[in-house]
*Asks:* 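Please see the structure below; I have some questions.
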Amino acid sequence: MDTHSSGAPAVWPRVPDEALAEQERVAALADLDSPGPAPGAVRLVAGVDVSYATGSDALVAAAVVLDAVTLEPVESALVEGRATFPYVPGLLAFRELPSVMAALDKLTRTPQLLVCDGYGIAHPRRAGLAVHLGVLTGLPCFGVAKTPFVFRSGPPGAERGAGSPLTSDDGEVVGRALRTQKGVRPVYVSVGHGIGLDNACAHTLRFAPRYRLPETTRLADHLSRERLRATSGA
DNA sequence: GCGACAG
DNA sequence: ATCTTGTCGC
């Protein structure tokens with residue numbers, strides 16, 4: 001898919017100082033009002049993830065396209081790169097997205113929806129990974145995180161599909177703790193761009209029919225980790 | 001000042 | 001994120 005006509009910066013920020021300005025710019029461009037595509041309107045969905053090596057700055061980014069109905073893999077792309085930005089909570093996008101965008105650019109198919117690790121607007125400046133990725137690609141995008149970040153929620157019900165709002169200090173709903181499997185820790189869903197929370201959660205449940213995490217994330221994680229091992233690993 | 005802190 | 005053995009369970 002073409003990412004060169006997107007709003008991605010020509011030169012990515014290398015230090016937190018530059019990153020904050022870019023984050024402010026991106027947050028202002030996010031579409032947080034559209035309900036976005038419901039499950040029935042999505043044929044192709046893409047998942048992205050990045051794996052890192054221990055003793056070096058080597059990394060591998062993966063972008064995988066799945067049939068949104070059968071969850072069968074359609075296409076995948078891997079990019080071997082180098083970490084050029086430190087891990088700073090709140091600035092994850094600048095560490096992961098340059099390589100992720102390169103992986104997306106290698107895809108021949110364009111999905112109607114993007115799913116990533118981490119958060120969207122459930123972020124100190126409403127500019128989580130999914131917000132950046134959605135704005136940069138122009139595609140509907142939301143995030144599914146494994147642990148809470150800066151916000152908390154009450155415990156969702158025990159049944160699959162149960163949810164509990166992630167709320168900011170001022171009572172704004174910024175995401176949802178969602179139980180994707182009975183008796184398993186919930187995941188944390190928050191929107192990034194061009195999709196509403198209800199649809200994001202509906203997609204998440206369809207993409208996670210058997211495991212805690214959506215297949216998009218699981219497959220991207222497997223492929224990136226596998227390539228990292230084969231290259232930088234032992 | 002101190003702790004917390006997506007991946 | 002990554003470093004790591006065995007173990008309990010479907």
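Predicted, not measured: the structure shown is a model, and the values here were computed from it. Each chain gets a letter, A, B and so on, in the order the sequences are listed, and its residues count up from 1.
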*Asks:* In whole angstroms, how far is the C1' atom of B:dA4 from the OH atom of A:Tyr119?
*Replies:* 13 Å
*Asks:* Donor-acceptor pair, A:Ser232 side chain versus A:Leu228 backbone, under 3.5 Å?
*Replies:*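 No, because the side chain of A:Ser232 does not come within donor-acceptor range (under 3.5 Å) of the backbone of A:Leu228.
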*Asks:* Over how many whole Å does the gap from A:Leu92 atom CG to C:dA1 atom C1' extend?
*Replies:* 9 Å
*Asks:* In this structure, how many angstroms lie between the P atom of B:dA6 and the CZ atom of A:Arg95, rounded?
*Replies:*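 It works out to 13 Å between those atoms.
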*Asks:* So is the aromatic ring of A:Tyr87 stacked onto the base of B:dG7, judging by whether the centres are under 5.5 Å apart and the planes are under 30° apart?
*Replies:* yes
*Asks:* Expressed as a whole number of angstroms, how long is the span from A:Lys146:NZ to B:dC5:P?
*Replies:* 15 Å
*Asks:* Hey, is A:Phe149 doing a stacking thing with B:dA6, by the 5.5 Å centroid and 30° angle criteria?
*Replies:* yes
*Asks:* Determine the contact category for A:Gly90: base if any of its heavy atoms lies under 4.0 Å from a base atom, sugar-phosphate if only primed atoms, P, OP1 or OP2 are that close, otherwise nothing.
*Replies:* base
*Asks:* Hydrophobic clusters here meaning ILVMFWY residues chained together by side-chain heavy-atom distances under 4.5 Å, can you tell me if A:Leu29 and A:Val131 are in one?
*Replies:*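 A:Leu29 clusters together with A:Val131.
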*Asks:* Just N and O in the side chain of A:Thr54: are any of them under 4.0 Å from OP1 or OP2 of C:dC3?
*Replies:* yes
*Asks:* With sugar-phosphate meaning primed atoms plus P, OP1 and OP2, does A:Arg225 contact a base, only sugar-phosphate, or nothing at under 4.0 Å between heavy atoms?
*Replies:* sugar-phosphate
*Asks:* Looking at A:Ser51, I'd like to know whether one of its side-chain N or O atoms comes within less than 4.0 Å of OP1 or OP2 on C:dT2.
*Replies:*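 A:Ser51 to C:dT2 OP1/OP2: side-chain N or O found under 4.0 Å.
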*Asks:* In this structure, how many angstroms lie between the C1' atom of B:dA6 and the NE2 atom of A:His123, rounded?
*Replies:* 8 Å
*Asks:* Over how many whole Å does the gap from A:Arg126 atom CZ to B:dA6 atom P extend?
*Replies:* 17 Å
*Asks:* Atom CZ of A:Arg125 and atom C1' of B:dA6: how far apart are they, to the nearest Å?
*Replies:*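 For the pair A:Arg125 CZ and B:dA6 C1', the rounded distance is 12 Å.
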*Asks:* What is the distance, to the nearest angstrom, from the CG atom on A:Asp57 to the C1' atom on C:dT2?
*Replies:* 15 Å
*Asks:* Hey, does the side chain of A:Arg152 reach the backbone of A:Leu166 with a donor-acceptor pair shorter than 3.5 angstrom?
*Replies:* no
*Asks:* Establish, yes or no, whether the cationic atom of A:Arg225 lies under 6.0 Å from the six-membered ring centre of A:Tyr52 and within 45° of the ring axis.
*Replies:*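 Judged by the rule (NZ or CZ under 6.0 Å from the ring centre, within 45° of its axis), A:Arg225 is not positioned above A:Tyr52.
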*Asks:* Using a 4.0 Å heavy-atom cut-off, does A:Leu91 contact any base of the nucleic acid, only the sugar-phosphate backbone, or nothing at all?
*Replies:*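 Base contact.
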*Asks:* Taking 4.0 angstrom as the limit, do A:Glu215 and A:Arg218 come out as a salt bridge?
*Replies:* yes
